[in-house]
Structure formats: C-alpha cells, structure tokens
Amino acid sequence: MEAIFEGKVAIVTGAGSGIGRGSAMAFAAAGAAVVVADVSDEGGASCVADITAAGGQAIFVRADMRSTRDVEAMVGVTVDTYGRLDFAHNNAGIDVPHQPLAEVDEDDWDAILDVDLKGVWRCMKAEIPVMLRTGGGAIVNTSSMAGVVGVAGAAAYCSAKHGVVGLTKVAAIDYAAQNIRVNVLTPGLVRTPLITQLLGEAVEDIVSSRPTGRIPDPADVANAVMWLCSPGAAYVTGQALQIS
C-alpha cells in the first residue's frame, strides 16, 4: 500500500481483532503510526506485533470505552508518544444475545449503550480538541446496518447504532469549518472470527445468497476507512457509508 499517511498518527479502538485489527493494519501499511486500543491485552499485543513485523509503527494502549479516564488516557498517550493525532477509527463495540424488547435486561441495555454509543462520544470528545491543535483531522465511526434498519430482538444494539449515525452527523456539522471530517460506516455481516464462531456453517448460506458470492472481510472495511481519511475524500463529511 502506498504510504499516503506518512508522518500521520491514527487511533483505532477495538483493534485487537476483526474490523479494528484490519483498520489498524491498513493505517500502518499506509505509513501512519498507530495506537492500537482494546480491552484485550492479548489481542492488542498481537496486532502491534503484526504491524511491527511488517515494518510499521504501533503501540498498544489498553482502553475500556466505558471509562472516560481510559479514553482520555488513550488520547494522552497518543500525544505524549507521537505529538499529534490525525485520524481516529472509533470502532469498539459489544452486543448481547438478542431477545424481544420487553425481555431485555436493564444491565444489558446500559452496557451496550455505554460502549457502543457513549463510548464513541467519549472518544470524539477527547480526540477532537487534539486534532484542532494541528489544524484538523478525520474521524470514522463504526455503526452497523442495525444503525439504519431494525433488527428483531436487538433493541439496545439498534438504538446504540442508530445513535452513532446521528452523533456522527452532528459532529460533522459542528466541526466542518475547523477542518475535521466525521463519517460513519454501516457494515452488514463481515467475515470476522467472531461472526464465524457465532454463525458457523450458516455464514456460507449467507455467502451463497449474495450477488458477489462473498461477504466483506475486515480488509474491505479497512479500505473504506482509508478512503474516508484520505485526501480523496476531502469534501466528504457527515456521510453514512454502507458496506455489505
């Protein structure tokens, strides 16, 4: 990959596996120094090891998106280590087993909203002031197809992911004049280890129903992140990009 982000710095949350890992690897391949953030020490360390083995530059920061202190520390370590922040892919998220709305446990509701929605808000609240100091930047948030349609039994998840789309659009308006672009991805099913584990052979049934004959993998999503952060998307902000 061409080193279009040489001298730039990126944060990727949820980078220990799946979509986040793919994004972190792509940023590093494009020349950026990457802060790999995750709650998994093993996943984060593995991602950093793969980046450095490929000749890239990365550090791991353990950060729980439920903790304002962790998120602020994540951004603080980024600035202390690399002196700036140019890109952020706020990707970390969780889900719980789906069930009808009236049966949703309040603790599960609170946990999903706290990570999937408030966690994105926490990240942008900490990231944007740092980007402003160096003249701007680009943020990509991860929502889901569940952020644009309803999914049976996923009241909390859909609510959080719809919220991420709305939050992104407001942030894009608030900071457009200050050269910070904010966009959101709404991926459908992506071939990650977690999806493969959860769905098993059912994944192949879904693949066979797709016109392309496949479902996206993390590298496909990462390509979208790279474009949204690139000069080629310099006039793109406040947009929800579907990948399915």
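None of these values were measured; they are calculated from a predicted model. One is the number of the first residue; the rest follow in order along the sequence.
- Counting only heavy atoms from C-beta outward, the side chains of M25 and D50 approach each other to under 4.5 Å.
- Classification of the F87-F27 ring pair by plane angle, with boundaries at 30° and 60°, yields parallel.
- Contact of the V77 side chain with the V35 side chain is not registered, since no non-hydrogen atoms from C-beta on lie closer than 4.5 Å.
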For T13 and H89, run side chain to side chain donor-acceptor pair (under 3.5 Å): C-alpha distance rounded to whole Å, both residues' side-chain angles, the deciding distance at 0.1 Å, then the answer.
-> CA-CA 6 Å; T13 69; H89 182 191; over 6 Å; no
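- In this structure, a donor-acceptor pair under 3.5 Å is present between the side chains of R21 and S46.
- You'll find the side chain of V71 reaches within 4.5 Å of the side chain of M65, heavy atoms only.
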Give the C-alpha distance, both sets of side-chain angles, the deciding distance and a yes or no for salt bridge (charged side-chain N to carboxylate O under 4.0 Å, His left out) between D114 and R122.
-> CA-CA 10 Å; D114 201 11; R122 287 187 181 100; 2.8 Å; yes
Take L117 and L167 through the test side-chain contact (heavy atoms from CB on, under 4.5 Å) and record every step on the way to the result.
-> CA-CA 8 Å; L117 178 56; L167 184 65; 4.2 Å; yes
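- For the pair I19 and P187, the tightest heavy-atom approach, listed with the atom from each and the gap, is CD1-CG, 4.4 Å.
- Between the side chains of T168 and N141, at least one donor-acceptor pair of N or O atoms lies under 3.5 Å.
- Nearest approach of S144 to K161, heavy atoms of both residues: CB-CG, 3.9 Å.
- Taking each heavy atom of A24 and C47 in turn, the nearest pair found is CB-SG, 3.9 Å.
- Using a 4.5 Å cut-off on side-chain heavy atoms (C-beta onward), L241 and N183 make no contact.
- Taking 4.5 Å as the limit, every side-chain heavy atom of Y175 sits out of range of all side-chain heavy atoms of M131.
- If you check the side chains of Q99 and D105, you find no donor sitting under 3.5 Å from an acceptor.
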Evaluate the criterion side-chain contact (heavy atoms from CB on, under 4.5 Å) for residue pair F60 and D38; output intermediate values, then yes/no.
-> CA-CA 8 Å; F60 169 60; D38 205 284; 4.1 Å; yes
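- With a 4.5 Å cut-off on side-chain heavy atoms, N90 and T142 do not count as touching.
- Considering only heavy atoms from C-beta on, N91 stays 4.5 Å or farther from V225 through its side chain.
- The environment of CD in E106 is sparse: at most 12 heavy-atom neighbours from other residues, nucleotides or ligands sit within 6.0 Å.
- In this structure the side chain of I59 never reaches within 4.5 angstrom of the side chain of V36, judged on heavy atoms.
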